[in-house]
**Q** 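I have a structure here, written as structure tokens, and I will follow up with some questions on it.
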2 protein chains.
Amino acid sequence: MTVDERPGPDGSLVGHAVGSITRLMRDNDLMPGDRLPSEAELARQLQVSRTVVREAFRSLAAMRIIELATGRRATVARIDHGPMSLMMEHGVQTEQINIQQIYDVRRTIEMRIATLAALRRTEAEAQALAAEAAGLRATVEDPARMVGHDLAFHAILADASRNPVYALIIGSFRGVTSETWAIGWRSRSTPEARERMLVNHERIAAAVAKGDPEAASAAMSDHFDESVRALIVAGLS
Amino acid sequence: MTVDERPGPDGSLVGHAVGSITRLMRDNDLMPGDRLPSEAELARQLQVSRTVVREAFRSLAAMRIIELATGRRATVARIDHGPMSLMMEHGVQTEQINIQQIYDVRRTIEMRIATLAALRRTEAEAQALAAEAAGLRATVEDPARMVGHDLAFHAILADASRNPVYALIIGSFRGVTSETWAIGWRSRSTPEARERMLVNHERIAAAVAKGDPEAASAAMSDHFDESVRALIVAGLS
DNA sequence: CTAGCAAACCTGTATGACAGGATTCGGGGC
DNA sequence: GCCCCGAATCCTGTCATACAGGTTTGCTAG
């Protein structure tokens, strides 16, 4: 396993190292779990100090392209929504993205997810979905626990689409959603409004369990109509 | 501007530092362009070595949450699709994601983008779109230049949706798309097949220019039907 | 052949140093 | 009083070295 010396994109040595390490992974067809050369070895091959290799590793680890652990060599990582979630939170925090925009994207994507999940869900997923919908209803007095059920519900659904990219995107909204969820819930001030929210989840779960893609998609659409309305009531722009 | 000392998520000092810096940005409402404390200053406040602060900075810079430059202080960054693009490439490279899955997501999202763009595009965007469609037709003999026009076409459209999250997601497919685009193009072996591809872009541009959301969405749907068929012909799973 | 242990390897962090690039601030000219 | 310029200062990028743990490897003893 050797590394070539093409200069990286920018003039920086770290940028160069990141490029070289990425190329090394690609050229050697490294798969998740495979081990990379040690920092010292890479430093030698790239003719830079260990500092530079370490910073390059940190960059790749931040994107969960590789995984670092003390004492162990760096390994190729499984893709994960964590970094994307942080990026989204940053976007919202710095007012480059607003919550309504995220909900528009979520509606678009989750309607498709519902369709696919209705066609592809396993029996276990159908049951897990029903359980999370029931969990929502059961914790109606404890918003802090409700948000966990809501997040889990949508995560299971995304997984059931059998397309990891959907799961990734939904996961990337996880941080933002968990921070704003309570606002939406509080804005549903009447028992009727709250009941609608609970029923919508149950409808989605039922349609997916029944394997009815149109009904699942329609229920998801209603769910987002209702949620977006709640957010508007709350004045979240 | 000070930093508290809550321990980070994992035991690592770098993880702690990343958390503290993130919190510092949030608590002080730092906006893109604003400067962060210097490495030495943070090292002092967090009671860690500059090494740790630097690695934390690298992590945040990898996600484009902050921006680093020689001699200058780190600044809060504008959100950017670069890291997401690298993550997607990694996912495809390691066979955790396949091209068809990406195309399913793209179809879902770009149909919505077409709808929004038809409603919200500026005059300049309508013209730029037409120009890129024309560029595609003009460079039909040079796939390397064609892919640039295709990427630009979809990027302009995404921007015209006036929802940066759509632009972000489309951008995250940029790397993968540019690497597989040529395969799809080559698989369109007849002049008719190639003409269909060109016409579809022109139809989208025309519908968006006319401000007809249904037509734009339908044209986009046809575009993806055609593209996905081309990829299937090419045997890309 | 296996279990266990020691050596070798490896990463996380700290310290100190220094070469440029960037910022700042004071002074001089107008 | 204001603007421009240069020097002092600050700051980042990189290197070398050191050492405390954690991990892997390989040898040895039973």
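Below, chain A is the first sequence line, B the second, and so on; all start at residue 1.
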**Q** Angle between ring planes, A:His223 versus A:His154, binned at 30° and 60°: parallel, tilted or perpendicular?
**A**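 A:His223 vs A:His154 ring planes: parallel.
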**Q** In whole Å, what is the span from the CZ atom of A:Arg58 to the P atom of C:dT11?
**A**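 So the CZ-P distance, A:Arg58 to C:dT11, works out to 12 Å.
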**Q** Among A:Asp104, A:Ile169, A:Val165, whose side-chain contact (heavy atoms from CB on, under 4.5 Å) with A:Ile109 holds?
**A**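 Among the candidates, only A:Ile169 passes.
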**Q** To the nearest Å, give me how far apart CD (A:Glu55) and P (C:dT13) are.
**A**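 Whole-Å distance recorded here is 13 Å.
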**Q** Are there any protein N/O atoms within less than 3.5 Å of an N/O atom in nucleotides 15-17 of chain C, and if so, which ones and at what distance?
**A**
| from | atom 1 | to | atom 2 | distance (Å) |
| --- | --- | --- | --- | --- |
| C:dA17 | N6 | B:Arg50 | NH2 | 3.4 |

**Q** Between A:Glu41 (CD) and C:dC9 (C1'), how many Å, whole number?
**A**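 So the CD-C1' distance, A:Glu41 to C:dC9, works out to 12 Å.
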**Q** By nearest nucleotide on DNA chain D, pick out whichever of A:Val52 and A:Arg73 is the more 5' one.
**A**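 Per heavy-atom nearest nucleotide, the more 5' residue is A:Val52.
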**Q** Need two values: the first and the last nucleotide of DNA chain D, 5' to 3', having an atom under 4.0 Å from any heavy-atom of chain A.
**A**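 Contacts span D:dT14 to D:dT25, reading 5' to 3'.
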**Q** Please state how far atom CG in A:Leu36 lies from atom P in C:dC10, giving the value in whole angstrom units.
**A**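 Computing the A:Leu36:CG to C:dC10:P distance gives 13 Å.
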**Q** C:dT11 C1' sits how many Å from A:Phe57 CZ, rounded?
**A**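 My rounded result for the distance is 10 Å.
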**Q** Round to a whole Å and report the spacing from CG of B:Leu68 to P of C:dA22.
**A**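 Atom-to-atom, B:Leu68 to C:dA22, this comes out as 14 Å.
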**Q** In whole Å, I'd like the distance from the CG atom of A:Leu42 to the C1' atom of C:dC10.
**A**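 Distance, rounded to whole Å: 13 Å.
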**Q** Roughly how far, to the nearest 0.5 Å, is the OG1 atom of A:Thr177 from the CZ atom of A:Arg174?
**A**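 Here the interatomic distance stands at 9.0 Å.
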**Q** Taking the basic N atoms (NZ, or NE/NH1/NH2) and the acidic carboxylate oxygens, is any pair closer than 4.0 Å for A:Glu55 and A:Arg58?
**A**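 Result for this pair is no, no salt bridge flagged.
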**Q** Take atom CZ of A:Arg54 and atom P of C:dC10, then tell me their distance rounded to the nearest Å.
**A**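 The answer, rounded to whole Å, is 14 Å.
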**Q** If you look at every heavy atom in A:Pro32 and B:Thr94, which pair is closest and at what distance?
**A**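 Heavy-atom minimum between the residues: CD-CB, 3.6 Å.
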**Q** Relative to the 5' end of DNA chain C, which residue comes earlier, A:Thr70 or B:Thr70, by the nucleotide with the nearest heavy atom?
**A**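 In this pair, the answer is A:Thr70.
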**Q** Among B:Val52, B:Val53, B:Val48, exactly one meets side-chain contact (heavy atoms from CB on, under 4.5 Å) together with B:Leu42. Which residue is that?
**A**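 One option only clears the test, and that one is B:Val53.
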**Q** Just distance, no hydrogens or angles: give the donor-acceptor pairs under 3.5 Å from side chains in residues 61-79 of chain A, sequence neighbours left out.
**A**
| from | atom 1 | to | atom 2 | distance (Å) |
| --- | --- | --- | --- | --- |
| A:Arg73 | NE | A:Leu36 | O | 3.0 |

